[in-house]
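Each remark here refers to the structure printed beneath this line.
Whatever order the structure lists them in is the order used to number ligands and atoms, beginning at 1. Numbering of residues begins at 1 and proceeds along the displayed sequence. Only this structure's heavy atoms are used, side chains among them; waters, hydrogens and symmetry mates stay out.
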Amino acid sequence: MAAAPLFIVFLGPPGAGKGTQAKRLSQRLGLAHIATGDLFRMHLQNHTKLGQLAQEYMKKGELVPDSVTIAMVEERLKEPDTAAGAIFDGFPRTLAQAEALDALLAEHGARVNAAILIQVPEAVLVERLSGRRVCRAQGHVFHVKYNPPKVPGRCDYDGSELYQREDDKPETVRRRIQVYWEQTAPVIEYYRSQGILTEVDGNQDIDQVTEALLTVIAALQQGGVDAS
Ligand code: AMP
């Protein structure tokens with residue numbers, strides 16, 4: 001019998017390392033990586049209507065409306081690579097999104113098995129975001145100082161160009177962090193009250209954070225994750 005799928009939510013402020021870790025762990029664990037920010041950026045690159053709409057919000061550091069975001073995730077969950085489960089990165093970001101995710105997973109007989117909050121002191125976030133560089137082809141994440149590519153300006157994995165996200169500029173970064181506290185902090189409490197929240201220290205080496213996350217997930221798997 002196939003193991004029950006595993007759905008994990010990564011929470012944490014912008015710059016906490018959710019994307020970097022979700023990319024690593026999803027590959028290692030054979031789970032889909034569902035990053036709503038990446039999906040919006042893909043739409044933007046492909047000049048879709050959804051991309052144009054999302055851009056209006058993204059460039060100001062505001063959240064894209066729930067209805068649009070939830071519909072996009074609903075579509076993404078229909079893809080076959082989600083059969084074994086997924087790591088959600090940057091979603092849910094509001095209580096309404098968290099409730100919608102529960103309903104969507106319930107339709108597939110699944111649920112959120114764990115939410116992991118990656119904690120990083122606020123002072124560190126701005127420095128991380130301002131030095132962040134992202135690859136054009138697949139969104140691999142680097143940092144000019146803390147995680148530099150082997151060849152400056154080029155992705156280690158696919159050789160594509162690295163660029164600075166428009167919303168990683170200081171003015172927008174401040175607004176994104178504020179939006180996180182206003183709108184996403186309640187999501188932390190939502191999962192805490194269900195007893196499925198674990199906190200991990202994100203202010204350590206990238207490899208150490210990966211290890212800490214793997215430990216949490218291994219404990220979850222040993223605990224007999226089920227979809228009931
Ligand atoms: P991220 O790549 O996760 O930092 O997301 C970049 C931007 O995309 C955010 O600042 C929002 O404008 C938008 N976005 C990403 N995920 C969501 C979401 N779950 N809900 C609303 N807006 C989102």
Side-chain angles (χ1 to χ4, degrees), residues 7-23 26 32-46 48-77 86-105 112 115-118 120 122 124-143 162-188 190-191 202:
F7 289 97
I8 303 171
V9 168
F10 278 5
L11 295 167
K18 300 185 296 296
T20 301
Q21 298 296 339
K23 268 207 157 47
S26 56
H33 175 201
I34 303 186
T36 40
D38 286 352
L39 292 173
F40 286 133
R41 279 185 289 278
M42 203 179 71
H43 275 280
L44 197 64
Q45 242 175 6
N46 295 338
T48 69
K49 268 211 171 110
L50 174 58
Q52 276 164 14
L53 180 126
Q55 189 187 26
E56 292 308 306
Y57 297 90
M58 291 169 84
K59 68 183 182 201
K60 291 186 260 173
E62 303 292 338
L63 296 185
V64 179
D66 284 337
S67 56
V68 176
T69 308
I70 292 163
M72 184 175 72
V73 171
E74 183 172 9
E75 283 309 303
R76 180 66 184 85
L77 278 170
I87 297 180
F88 292 98
D89 153 17
F91 179 90
R93 260 176 157 96
T94 63
L95 268 184
Q97 291 180 14
E99 286 164 1
L101 178 61
D102 285 349
L104 284 175
L105 293 179
V112 174
I116 306 179
L117 172 60
I118 305 179
V120 173
E122 190 128 352
V124 176
L125 298 176
V126 179
E127 201 198 350
R128 280 197 184 180
L129 290 167
S130 57
R132 174 157 77 177
R133 298 292 181 273
V134 184
C135 98
R136 288 249 182 244
Q138 297 180 71
H140 291 110
V141 183
F142 297 86
H143 189 282
L162 299 181
Y163 73 103
Q164 180 173 38
R165 278 170 46 174
E166 194 59 40
D167 61 350
D168 278 347
K169 310 264 159 81
E171 322 75 68
T172 322
V173 160
R174 276 189 286 276
R175 179 62 191 148
R176 287 165 62 207
I177 293 173
Q178 195 182 9
V179 165
Y180 171 78
W181 287 117
E182 287 168 7
Q183 301 188 53
T184 308
V187 177
I188 300 171
Y190 179 78
Y191 291 121

Gln97, Met72, Arg76 screened by side-chain contact (heavy atoms from CB on, under 4.5 Å) with Phe91, the one that passes: Gln97
Any N or O on Gly61 sitting closer than 3.5 Å to an N or O of ligand 1? no
Should Arg165 be counted as touching ligand 1, given the test is an N or O pair under 3.5 Å? yes
I need the contact type for Val64 against ligand 1. Using non-hydrogen atoms and a strict under-4.0 Å cut-off, is it side chain, backbone, both or neither? both
Evaluate Phe91 for polar contact with ligand 1, using N/O atom pairs at a separation under 3.5 Å. no
Counting only heavy atoms, which portion of Asp167 has something under 4.0 Å from ligand 1: side chain, backbone, both, or neither? side chain
Decide yes or no for Arg41 and Met58: does some side-chain heavy atom of the first lie under 4.5 Å from some side-chain heavy atom of the second? yes
Number the atoms of ligand 1 from 1 as they appear, then name those within less than 4.0 Å of a heavy atom of Thr69, with their elements. 18 (C), 19 (N), 20 (N), 21 (C)
Enter the distance from Leu162:CG to Phe142:CZ here, rounded to the nearest 0.5 Å. 5.5 Å
Could you note down all residue pairs passing side chain to side chain donor-acceptor pair (under 3.5 Å) where residues 54-63 supplies at least one of them, sequence neighbours left out? Glu62-Arg175
Please determine which of Val173, Asp168, Thr20 meets the side-chain contact (heavy atoms from CB on, under 4.5 Å) test together with Arg132. Asp168
Name the closest protein heavy atom to atom 23 (C) of ligand 1, giving the residue it belongs to and the distance to 0.1 Å. Phe40 CE1, 3.7 Å
For ligand 1, is there an atom lying under 4.0 Å from some heavy atom of Lys60? no
Atom 15 (C) of ligand 1 sits nearest the protein heavy atom Arg93 NH1, 3.4 Å
Those atoms of ligand 1 less than 4.0 Å from some heavy atom in Arg41: 2 (O), 6 (C)
Are there over 12 heavy-atom neighbours, none belonging to Glu182, within less than 6.0 Å of that residue's CD? yes
In terms of residue, atom name and distance, what is the protein heavy atom nearest to atom 20 (N) of ligand 1? Gln97 NE2, 2.9 Å
Contacts of type salt bridge (Lys or Arg N to Asp or Glu O under 4.0 Å), residue Arg93, not counting sequence neighbours: none
Does the N or O separation between Thr36 and ligand 1 drop below 3.5 Å for any pair? yes
Closest contact, heavy atoms only, Ala98 versus Pro92: N-CB, 3.4 Å
Measure Glu56 to ligand 1 on non-hydrogen atoms and call it side chain, backbone, both or neither using the 4.0 Å cut-off. neither
Starting from atom 10 (O) of ligand 1, which protein heavy atom do you reach first, and at what distance in Å? Arg176 NE, 4.0 Å
Side-chain contact, heavy-atom cut-off 4.5 Å: Phe40 with Thr69? yes
What's the shortest heavy-atom distance between Ala86 and Ile34, and which atoms? CB-CD1, 3.9 Å
Of all protein heavy atoms, the one nearest atom 12 (O) of ligand 1 is Glu62 O, 2.6 Å
